[in-house]
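Since the structure comes first, as structure tokens, the remarks are kept for the end.
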Amino acid sequence: MSSLNLYDTATRTTSAFVPLKAGEVGIYLCGATVQAPPHIGHVRSGVNFDILRRWLIKSGYNVTFIRNVTDIDDKILHKAVHEESPWWAVAMKYERAFTDAYAALNVLPPTYEPRATGHVTQMIELMQLLIERGAAYAPGNGDVYLEVRKLQSYLTLSRQKLDDLMPAADADETYKRDVRDFALWKAAKPGDPSWPTPWGAGRPGWHLECSAMAKAYLGESFDIHGGGLDLIFPHHENEIAQSEAAGYGFAARWMHNAWVTASGEKMSKSLGNSLQVHELLKSVRGIELRWYLGSAHYRSMLEFSHEALAEASVNFRRIEAFLNRSVELLGKVPTPVVGKAFSDAMNDDLAVPTALASISEALRIGNSAITSGDMTAVAHSADEIRGALEVLGCDPFDSAFVSQGSSDEMTQALDGTIKLALAQREAARIRKDFESSDAIRDGLKALGIVIEDTAQGPRWSISQKTEGSGS
RNA sequence: GGUGGAAUGGCCGAGAGGCGAGGCAAGGGACUGCAAAUCCCUCUACACGGGUUCAAAUCCCGUUUCCACCUCCA
């Protein structure tokens with residue numbers, strides 16, 4: 001079995017993954033700034049890194065997965081004014097929306113999910129350390145800045161030169177030693193929330209929380225830091241600047257997921273209303289949306305379209321239908337097994353599209369085995385497919401999805417009712433009264449129940465709602 | 001101006017020097033009372049112009065178009 005290779009944004013190459021501590025992996029993923037409802041771009045990041053996490057777990061690692069919540073920043077404060085509610089109420093509202101979206105898509109809850117506002121103490125300690133080491137300064141107005149010109153290796157992740165950056169249009173240079181110095185801490189303005197510090201009351205700048213919380217939960221050095229491509233600069237550069245200036249090793253590897261695009265352009269908050277997760281979940285199930293978001297390689301742009309989402313839905317249902325048939329035929333739920341082709345693909349920088357090809361292959365073999373009555377082969381295919389789906393977070397037998405169904409009593413009652421109708425239909429077919437038998441089939445179909453005649457007799461299933469039917 | 005990314009068949013979407021991923025759609029066939037489901041077959045592409053090579057979608061040079069980041073961003 002091959003070993004895991006992962007891409008590293010810092011070196012722009014793929015290399016063997018070697019954890020800092022044998023058997024353990026620490027991951028820090030930049031989570032949401034909770035200032036708006038989640039759109040599918042946000043959750044794509046969650047899904048991509050959830051697949052990474054599940055694959056690491058499946059590979060035998062003990063994974064500590066941190067995904068933060070940034071619950072204080074300029075946008076949240078603006079939103080609070082706009083919504084006429086307290087900033088903390090805004091943050092809580094959208095944090096819940098994110099939590100719901102992650103849950104609907106079966107993204108595992110992080111090991112720890114720290115909030116920025118709960119770690120002001122750690123931030124102050126980090127700033128004190130940075131000032132002691134001469135990397136940061138407090139000019140006396142309540143702000144604290146990091147002095148970027150003094151850094152040995154600033155901007156190495158994005159490979160830019162400090163002097164080539166376009167100067168910020170709105171930079172307040174009054175207290176800065178250099179225009180590009182960034183704020184670790186911002187002095188409180190009237191009406192703003194604030195916390196007391198040795199340099200005056202204020203609130204965190206955007207980047208400080210991640211350095212402070214990564215240190216708190218993963219230590220000075222950890223294995224993987226993840227986030228969206230657009231965080232490379234400035235957010236991740238500034239995290240590196242803070243943490244390395246503090247003397248920490250920080251992230252050994254950087255991984256970034258690409259965007260979901262719409263009409264070739266990055267999804268932005270201004271055009272994304274209909275692409276909010278809760279909107280899309282009106283037309284497809286969470287497991288199907290996840291299947292779609294996870295189906296492209298994490299470093300490739302995913303061009304969103306309703307047609308492509310519907311196609312992914314149909315594709316997933318074929319796989320699900322095979323698994324359900326295998327349960328009917330074998331009388332047991334498949335045991336997850338990881339196949340070699342799938343494993344090799346995942347070890348190659350999480351090559352999910354190639355891994356999906358291995359699922360298609362297993363599906364074809366499994367369906368043929370049903371036709372030929374080779375139950376050993378059916379079981380083998382079903383086990384491998386379930387093993388693959390489990391890693392992708394799309395296992396239909398996962399309690400996260402099973403619980404979305406209805407109660408056992410109702411299911412049994414419905415099953416009994418339909419079987420009565422099917423018995424009538426069979427009787428009609430035997431006496432070649434196809435008009436009556438087809439009437440029964442059509443009647444059931446009108447109710448959303450699809451009948452299939454198989455070698456083992458008729459079976460029924462509920463036809464799923466389809467994408468695009470709502471609007 | 002600086003730094004990156006992308007262009008693949010009707011569509012989606014991998015691959016990164018040589019046996020043309022995979023899916024969807026379409027057409028044909030098998031099975032079926034008819035369907036449905038399933039299986040088999042067919043259609044075969046790498047933006048453009050040069051170059052390297054026995055061999056280029058893949059490497060090199062140039063060009064075009066598009067996208068992103070440059071202190072709000074997943």
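We name chains A, B, ... by the order of the sequence lines, and we start the count at 1 in each one.
- Here B:rC39 is the nucleotide among B:rC39, B:rG22, B:rG33 with the atom lying nearest to any side-chain atom of A:N367.
- No hydrogens or angles considered: nothing links the side chains of A:D178 and A:Y145 as a donor-acceptor pair under 3.5 Å.
- Residue A:Y298 contributes atom OH, which lies 13 Å from atom P of B:rA14 at whole-angstrom precision.
- Using a 4.0 Å heavy-atom criterion, one finds that A:H297 contacts the sugar-phosphate atoms exclusively.
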Once Watson-Crick and G-U wobble pairs under 3.5 Å are found, how is RNA chain B written in dot-bracket notation, 5' to 3', with | for any base paired to another strand?
-> (((((((..(((.....[...))).(((((.......)))))....(((((..]....))))))))))))....
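- Heavy atoms of A:G41 sit under 4.0 angstrom from at least one base atom.
- Between the P atoms of B:rA57 and B:rG49, the separation comes to 13 Å (whole Å).
- Here B:rC69 presents its C1' atom at 16 Å from CG of A:L162, a figure rounded to the nearest Å.
- Using C1' as the reference atom, B:rC43 and B:rG10 are 11 Å apart when rounded to the nearest Å.
- If you check the side chains of A:Q456 and A:R325, you find a donor sitting under 3.5 Å from an acceptor.
- Listed nucleotides B:rC34, B:rU71, B:rG22 differ in distance to A:S360; the shortest reach to its side chain belongs to B:rG22.
- Note on A:R203 versus A:D73: no salt bridge recorded, every NZ/NE/NH1/NH2 to OD/OE distance being 4.0 Å or above.
- Contact annotation: side chain of A:R441 to base of B:rC34, donor-acceptor pair present below 3.5 Å.
- Here A:I451 lies in heavy-atom contact (under 4.0 Å) with a base.
- If you take CD1 of A:I370 and P of B:rU38, they are 10 Å apart, rounded to a whole angstrom.
- Ranked by how close their nearest RNA chain B nucleotide is to the 5' end, A:G227 and A:R12 are led by A:R12.
- Between A:K186 and A:D74, at least one side-chain nitrogen of the basic residue sits less than 4.0 Å from a carboxylate oxygen of the acidic one, meeting the salt-bridge criterion.
- A donor N or O paired with an acceptor N or O is not found under 3.5 Å between the base of B:rG5 and the side-chain atoms of A:R299.
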Take A:V148 and A:L162 through the side-chain contact (heavy atoms from CB on, under 4.5 Å) test and state the conclusion after the steps.
-> CA-CA 9 Å; A:V148 295; A:L162 194 57; 4.1 Å; yes
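- Per the geometry, OH belonging to A:Y154 stands 10 Å off P belonging to B:rU71, to the nearest Å.
- A:R318 has a side-chain polar atom (N or O) that falls below the 4.0 Å cut-off from OP1 or OP2 of B:rC39.
- Atoms CZ (A:F316) and P (B:rG13) sit 20 Å apart, rounded to a whole Å.
- Among B:rA21, B:rA68, B:rA36, the nucleotide with an atom closest to any side-chain atom of A:E452 is B:rA36.
- Atom-to-atom, CG of A:D50 to C1' of B:rA74 comes out at 15 Å; the value is rounded to the nearest Å.
- Across all strands, A:R44 comes closer than 4.0 Å to no nucleic acid atom at all (heavy-atom distances).
- The side chain of A:E303 lies closest to B:rG13, out of B:rA74, B:rC34, B:rG13.
- Contact of A:D438 with B:rG33 (side chain to base): a donor-acceptor pair of N or O atoms is detected under 3.5 Å.
- Of all heavy-atom pairs spanning A:L389 and A:P396, the tightest one is CD1-CD, 3.6 Å.
- A:V314 comes within 4.0 angstrom of nothing in the nucleic acid, heavy atoms only.
- At most 12 non-hydrogen atoms from other residues, nucleotides or ligands lie less than 6.0 angstrom from OH of A:Y112.
- Remark: the A:Y298 side chain and the A:D349 side chain contain an N/O donor-acceptor pair separated by less than 3.5 Å.
- Rounded to the nearest Å, the gap between the C1' atom of B:rC31 and that of B:rC41 is 15 Å.
- Checked against B:rC70, B:rA74, B:rC34, the side chain of A:F233 finds its nearest nucleotide in B:rC70.
- Nearest nucleotide to the A:A308 side chain, out of B:rU71, B:rA36, B:rC12: B:rC12.
- Distance from the side chain of A:N315 is smallest for B:rG23 among the nucleotides B:rG23, B:rA74, B:rG13.
- A distance of about 7 Å separates the C1' atoms of B:rG15 and B:rA21, rounded to the whole Å.
- Note on A:D453: a base of the nucleic acid sits closer than 4.0 angstrom, heavy atoms only.
- Between A:E147 and A:K176, no side-chain nitrogen of the basic residue sits less than 4.0 Å from a carboxylate oxygen of the acidic one, so the salt-bridge criterion is not met.
- Summarising the geometry, the separation between CZ on A:R364 and P on B:rG23 is reported as 8 Å, rounded to the nearest angstrom.
- Taking 4.0 angstrom as the limit, A:T33 places none of its side-chain polar atoms (N or O) nearer than this to OP1 or OP2 of B:rC72.
- Taking the P atoms as reference points, B:rA56 lies 24 Å from B:rU63, given to the whole Å.
- Looking at which nucleotide of RNA chain B each of A:P353 and A:S437 is closest to, the 5′-most match is held by A:P353.
- Rounded to whole Å, the separation between the C1' atoms of B:rC48 and B:rU38 comes to 44 Å.
- At most 12 non-hydrogen atoms from other residues, nucleotides or ligands lie less than 6.0 angstrom from CZ of A:R96.
- Atom CD in A:Q160 sits roughly 5 Å away from atom C1' in B:rU3 (whole-Å rounding).
- Taking the P atoms as reference points, B:rC60 lies 25 Å from B:rC67, given to the whole Å.
- No engagement by A:T261 is indicated, since no non-hydrogen atom pair under 4.0 Å with the nucleic acid exists.
- The gap from the P atom of B:rG17 to that of B:rA26 amounts to 36 Å, rounded to the nearest Å.
- Stacking of A:R253 on the aromatic ring of A:Y7 is not recorded, the 6.0 Å distance cut-off and the 45° axial limit not both being met.
- For A:D230, whose side chain is taken as the heavy atoms from C-beta onward, the closest listed nucleotide among B:rA36, B:rA21, B:rA74 is B:rA74.
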